**Student:** 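I have a structure here, written as structure tokens, and I will follow up with some questions on it.
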There are 2 protein chains.
Amino acid sequence: MGTIGAEQLKQLTEEPACPGCGVERTLRVLDGKWATLVVRELLAGPKRFTELRAALGAPSAKTLTDRLRALEHQGVLTRTVFAEVPPRVVYELTARGHSLSGVLHAMPAWGEVNGAR
Amino acid sequence: MGTIGAEQLKQLTEEPACPGCGVERTLRVLDGKWATLVVRELLAGPKRFTELRAALGAPSAKTLTDRLRALEHQGVLTRTVFAEVPPRVVYELTARGHSLSGVLHAMPAWGEVNGAR
DNA sequence: CTGGATCCTCCATGATACTG
DNA sequence: CAGTATCATGGAGGATCCAG
């Protein structure tokens, strides 16, 4: 159940009822508590699994793995395994992932001004 | 639009995983499945409860009410009750809510380009 | 028409233990 | 190190009924 179910994958590939609506599609990629933060971390450059975990505040390995797999299937990032000892896996944004920076960079500007609730 | 300035990139990448930084604050407002879509609908102008429900694809009344209350408490929108028969309640973005348009507008641009897998 | 009160389902996230 | 395998859980979201 931890992996991406057929149900979830189907949801990702299905076209929304709204024809020209890109907001929904973007929200399906930037979904959940971690996707946006993962992209933000990787905008600074490729990172290893443990580096990502630490940078994000140590979510569970299962959760982070699930999120990374989803983003990988959506073409936002790539997963590269180095057959070494100790093993090393590097995550890196694709061109599509980098193109999300437009969405990401608008957030801190708003959040910093609106710090108070 | 896929690229960002060096200044903004610096601002983006220099942020550690601090709990109070701008991205996290923005994500706390644009949280859940509906908040972002509610803001998008209201960017076009004030709307009534039923209008919002229909425009969003008819979420349950409870869910929509909960989300609207949260956004109201965060100062993103205002709730105005007209003591009429039948009752009428109008939701409208505050200045703070309108300032989220920068984040919102970046989404369709990405989503439309990346609609295909 | 708006939405409060209740009860319920589902799933993203997490805790823990284990493996190549 | 980077996961996988289980099991547990909180809370978002929903269904339904009811009230002002």
Side-chain angles (χ1 to χ4, degrees), chain A residues 1-12 14 16 24 27-39 41-42 46-74 76-92, chain B residues 17 19 24 27-39 41-42 46-74 76-92:
Chain A
M1 284 219 304
T3 55
I4 300 168
E7 183 178 309
Q8 189 180 352
L9 195 58
K10 179 183 168 191
Q11 230 181 6
L12 296 173
E14 260 182 3
E24 275 82 351
L27 288 178
R28 270 203 295 278
V29 173
L30 263 28
D31 197 34
K33 190 159 92 184
W34 301 107
T36 305
L37 298 175
V38 165
V39 172
E41 289 305 320
L42 293 183
K47 277 192 172 58
R48 300 177 57 171
F49 186 82
T50 306
E51 288 178 316
L52 266 177
R53 263 195 91 181
L56 296 177
S60 71
K62 173 187 171 301
T63 297
L64 183 54
T65 299
D66 290 349
R67 292 286 93 209
L68 288 171
R69 291 287 193 277
L71 292 170
E72 184 188 2
H73 283 303
Q74 286 169 322
V76 170
L77 54 81
T78 59
R79 176 174 178 270
T80 307
V81 182
F82 293 86
E84 306 171 349
V85 176
R88 184 161 57 102
V89 179
V90 172
Y91 295 90
E92 184 172 10
Chain B
E24 274 82 352
L27 289 177
R28 268 202 296 279
V29 172
L30 262 30
D31 196 33
K33 192 159 89 182
W34 301 108
T36 305
L37 298 175
V38 165
V39 172
E41 288 304 320
L42 293 183
K47 276 193 171 57
R48 299 179 56 174
F49 185 83
T50 306
E51 289 178 316
L52 266 177
R53 265 195 89 182
L56 297 177
S60 71
K62 172 190 171 299
T63 297
L64 183 54
T65 299
D66 290 348
R67 291 288 96 205
L68 288 170
R69 291 285 192 276
L71 291 170
E72 184 188 2
H73 282 124
Q74 286 169 320
V76 170
L77 54 81
T78 59
R79 177 174 178 269
T80 307
V81 182
F82 293 86
E84 306 171 349
V85 175
R88 184 162 57 102
V89 180
V90 172
Y91 296 89
E92 183 172 11

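Note that the coordinates shown come from a computational prediction; the quantities given were computed from them, not determined experimentally. Proteins come first, then strands; the chains are lettered A, B, ... in the order of their sequence lines, and each starts at number 1.
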**Student:** What pairs with B:T78 under side-chain hydrogen bond (donor to acceptor under 3.5 Å, both in side chains), at least two apart in sequence or on another chain?
**Tutor:**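 side-chain hydrogen bond (donor to acceptor under 3.5 Å, both in side chains) list for B:T78, sorted by chain: empty.
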**Student:** Which of residues 60-68 of chain B sit near DNA chain C, with a heavy atom under 4.0 Å from it?
**Tutor:**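 DNA chain C contact set from residues 60-68 of chain B: B:K62, B:T65.
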**Student:** Of A:W34 and A:P87, whose nearest nucleotide on DNA chain C comes first from the 5' end?
**Tutor:**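 Its nucleotide being nearer the 5' end, the pick is A:W34.
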**Student:** If you look at every heavy atom in B:L64 and B:P59, which pair is closest and at what distance?
**Tutor:**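 For B:L64 versus B:P59, the nearest heavy atoms are CB-CG, 4.3 Å.
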**Student:** Quickly work out the A:E84 CD to D:dG3 P distance and round it to whole Å.
**Tutor:**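 Taking CD of A:E84 and P of D:dG3, I get 14 Å after rounding.
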**Student:** Can you tell me which residue pairs pass the side chain to side chain donor-acceptor pair (under 3.5 Å) test with a partner in residues 47-57 of chain A, sequence neighbours excluded?
**Tutor:**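 The answer is none; no pair qualifies.
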**Student:** I'd like to check the side-chain hydrogen bond (donor to acceptor under 3.5 Å, both in side chains) partners of B:D66; sequence neighbours left out, ordered by chain and number.
**Tutor:**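 In terms of side-chain hydrogen bond (donor to acceptor under 3.5 Å, both in side chains), with neighbours along the sequence ignored, B:D66 is linked to B:K62.
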**Student:** Can you check whether A:V76 reaches A:L42 side chain to side chain, under 4.5 Å on heavy atoms?
**Tutor:**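 No, side chains not in contact.
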**Student:** When the distance from CD of A:E51 to P of D:dG3 is rounded to whole Å, what number comes out?
**Tutor:**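 Distance, rounded to whole Å: 13 Å.
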**Student:** May I have the distance from B:F49 (atom CZ) to C:dC1 (atom C1'), rounded to whole angstrom?
**Tutor:**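 It is 9 Å, rounded to the nearest whole Å.
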**Student:** A:F82 near the nucleic acid: base, sugar-phosphate alone, or nothing, with a heavy-atom cut-off under 4.0 Å?
**Tutor:**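 The answer is nothing, as A:F82 stays clear of every strand by at least 4.0 Å.
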**Student:** List the residues meeting side-chain contact (heavy atoms from CB on, under 4.5 Å) with B:A55, not counting sequence neighbours, and say none if there are none.
**Tutor:**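 With neighbours one apart ignored, the set is B:E41.
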**Student:** How long is the line joining CD of B:E72 and C1' of C:dG3, in whole Å?
**Tutor:**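 Rounding to the nearest Å, CD of B:E72 and C1' of C:dG3 are 13 Å apart.
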**Student:** Heavy atoms from C-beta onward define the side chain here; which of D:dA2, D:dG20, C:dG3 lies closest to that of A:V89?
**Tutor:**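 Closest nucleotide to the A:V89 side chain: D:dA2.
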**Student:** For B:R69 and C:dA5, give me the distance from atom CZ to atom P, rounded to whole Å.
**Tutor:**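 Taking atom P of C:dA5 as the reference, CZ of B:R69 is at 11 Å.
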**Student:** Considering only distance and modelled atom types, tabulate donor-acceptor pairs under 3.5 Å from the side chains of residues 79-91 of chain B, sequence neighbours left out.
**Tutor:**
{"from": "B:R79", "atom 1": "NE", "to": "B:Y91", "atom 2": "OH", "distance (Å)": "3.4"}
{"from": "B:E84", "atom 1": "OE1", "to": "B:R88", "atom 2": "NE", "distance (Å)": "3.3"}
{"from": "B:E84", "atom 1": "OE2", "to": "B:R88", "atom 2": "NH2", "distance (Å)": "3.1"}

**Student:** Considering just the side-chain nitrogens and oxygens of A:R79, establish if one lies under 4.0 Å of OP1 or OP2 belonging to D:dA2.
**Tutor:**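 A:R79 to D:dA2 OP1/OP2: no side-chain N or O under 4.0 Å.
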**Student:** With sugar-phosphate meaning primed atoms plus P, OP1 and OP2, does A:R53 contact a base, only sugar-phosphate, or nothing at under 4.0 Å between heavy atoms?
**Tutor:**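 No contact.
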**Student:** For A:K33 and C:dA12, give me the distance from atom NZ to atom P, rounded to whole Å.
**Tutor:**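 Rounded to the whole Å, the gap is 13 Å.
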**Student:** For B:L56 and D:dG13, give me the distance from atom CG to atom C1', rounded to whole Å.
**Tutor:**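 Spelled out: CG on B:L56 to C1' on D:dG13 is 14 Å.
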**Student:** Has B:R48 got a side-chain N or O lying under 4.0 Å from the OP1 or OP2 atom of C:dC1?
**Tutor:**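 The answer is no; no side-chain N or O of B:R48 sits under 4.0 Å from OP1 or OP2.
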